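Below you'll find the structure, written out as structure tokens, and then a few comments.
The structure presented is a predicted model; accordingly, all values stated were derived computationally and were not measured.
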Amino acid sequence: MSATEAFPLGEKAVRVARPGLADFFLLPFSRGGDATGLTSDDSERRLELTMSGDLLNVEDGKRAEPARPAGPKARIPDCPLARTVETVGHWWTLEILHEVFNGHTRFEAIHRNLGTPADVLLDRIAQLMAKGLLETEVGAADPEDRTYRLTDLGRSLRPLILVMAAWGNHRLPPEDRSLVLVDKETGVAVDPVVVDGLTGRRIDTADHVFARGPKASEMIIARYPEIPGQR
């Protein structure tokens with residue numbers, strides 16, 4: 001695939017840059033709309049779509065279903081970091097889960113808060129359900145009328161979101177932070193840290209390193225030391 005490609009949208013062609021590993025690109029749309037049904041009140045509006053398949057295919061001037069991305073694949077299959085990346089996949093996974101964590105469980109609320117096109121959001125939620133991160137209440141036939149909730153697996157990603165948010169704030173002075181984590185009862189800001197569940201010691205230090213586990217593959221063995229005391 002070339003560095004840029006022209007995707008036909010109605011009678012226009014939009015040239016889309018594909019900068020390697022970029023997570024998203026921007027498509028300009030003019031007044032009057034096009035085959036995707038998108039219009040704008042401005043002379044030019046930009047629509048964020050992911051590079052991973054959220055671009056809506058247009059066939060014979062009709063809107064097709066969003067392509068389902070395969071997602072990132074692990075170079076080292078038994079690496080726990082790779083397994084996490086495979087599960088999380090695209091940046092919008094945590095964005096949607098964050099909304100549900102915050103109590104926005106109805107589709108219309110998630111749609112309103114994120115501003116994602118409805119069909120794209122439905123496709124993304126379907127992928128999270130297929131991964132076992134979200135589930136839906138039984139009852140509503142229309143996906144847009146459903147309420148979604150976290151599974152145990154989805155709920156287990158909460159610490160990752162908290163640590164990522166803290167990392168995003170750590171270089172900003174408190175007065176420049178737009179979103180902070182606070183104690184619900186006292187309103188006091190908290191600073192997440194990673195500790196050992198057994199001893200309570202911080203583990204984000206040079207005193208703690210990765211070592212190969214009992215089921216390590218050859219690729220892991222070649223890169224990481226044995227656990228001290230288990231030789």
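Distance check: I96 CD1 to L133 CG gives 10.0 Å after rounding to the nearest 0.5 Å. Atom CG of L179 and atom NE2 of H98 lie 5.5 Å apart (nearest 0.5 Å). For the atom pair K131 NZ and E86 CD, the distance stands at 9.0 Å (nearest 0.5 Å). From R146, atom CZ reaches atom CD1 of I110 across 12.5 Å, with rounding to the nearest 0.5 Å. Remark: T136 OG1 to M129 CE distance equals 5.5 Å, nearest 0.5 Å.
Looking only at side-chain heavy atoms (C-beta outward), M164 and I161 stay at 4.5 Å or farther from each other. The shortest side-chain heavy-atom distance between V88 and L157 falls under the 4.5 Å cut-off. Taking 4.5 Å as the limit, every side-chain heavy atom of R158 sits out of range of all side-chain heavy atoms of L150. For the pair I220 and R223, the minimum side-chain heavy-atom distance is 4.5 Å or more. Taking 4.5 Å as the limit, some side-chain heavy atom of Q127 sits within range of a side-chain heavy atom of W92. The shortest side-chain heavy-atom distance between T147 and F107 does not fall under the 4.5 Å cut-off. Using a 4.5 Å cut-off on side-chain heavy atoms (C-beta onward), L134 and T151 make no contact. Side-chain contact between T105 and R149: absent, with no pair of heavy atoms (C-beta onward) separated by less than 4.5 Å.
Of all heavy-atom pairs spanning T116 and H111, the tightest one is O-CD2, 2.8 Å. Shortest non-hydrogen contact noted between E185 and D183 is N-OD1, 2.8 Å. When all heavy atoms are compared, the tightest approach of A166 to D191 is CB-OD1, 4.5 Å. Here the shortest heavy-atom pairing between H104 and A109 reads CB-CB, 4.2 Å. For G154 against F101, the heavy-atom pair with the smallest separation is O-CZ, 3.6 Å. Nearest approach of N113 to E99, heavy atoms of both residues: ND2-OE1, 2.8 Å.
Judged by distance alone, the side chain of T93 and the main-chain N or O of G89 form no donor-acceptor pair under 3.5 Å. Looking only at distances, no side-chain donor or acceptor of D196 sits under 3.5 Å from a matching main-chain atom of R202. At least one donor-acceptor pair under 3.5 Å links the side chain of R106 to the backbone N or O of D145. Without hydrogens or angle criteria, R212 side chain to Y224 main chain gives a donor-acceptor distance under 3.5 Å. Side-chain N or O atoms of D78 include one that pairs as donor or acceptor with a backbone N or O of S217 at under 3.5 Å. A donor-acceptor contact shorter than 3.5 Å links the side chain of D142 to the backbone of E144.
Ring pair W167/H170 is tilted by interplanar angle, where 30° to 60° counts as tilted.
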Test side-chain contact (heavy atoms from CB on, under 4.5 Å) on L81 and T84 and set out the steps.
-> CA-CA 5 Å; L81 298 176; T84 301; 5.7 Å; no

Step by step, would you call L97 with Y148 a side-chain contact (heavy atoms from CB on, under 4.5 Å)?
-> CA-CA 10 Å; L97 294 183; Y148 297 91; over 6 Å; no

Show the numbers, then the answer: is there a side-chain contact (heavy atoms from CB on, under 4.5 Å) between R201 and V195?
-> CA-CA 5 Å; R201 293 173 57 198; V195 301; over 6 Å; no

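Note: the hydrophobic cluster containing L128 also contains L153 (ILVMFWY, side chain heavy atoms under 4.5 Å, direct or indirect links). Under the 4.5 Å side-chain heavy-atom criterion for grouping Ile, Leu, Val, Met, Phe, Trp and Tyr, I76 is not connected to I221 through any hydrophobic cluster. Residues I227 and I203 fall into different hydrophobic clusters, defined by Ile, Leu, Val, Met, Phe, Trp and Tyr side chains chained together at heavy-atom separations under 4.5 Å. Hydrophobic cluster membership is shared by V190 and L162, with clusters built from Ile, Leu, Val, Met, Phe, Trp and Tyr side chains linked at under 4.5 angstrom. V163 and L181 are members of different hydrophobic clusters when ILVMFWY side chains are connected at heavy-atom separations under 4.5 Å.
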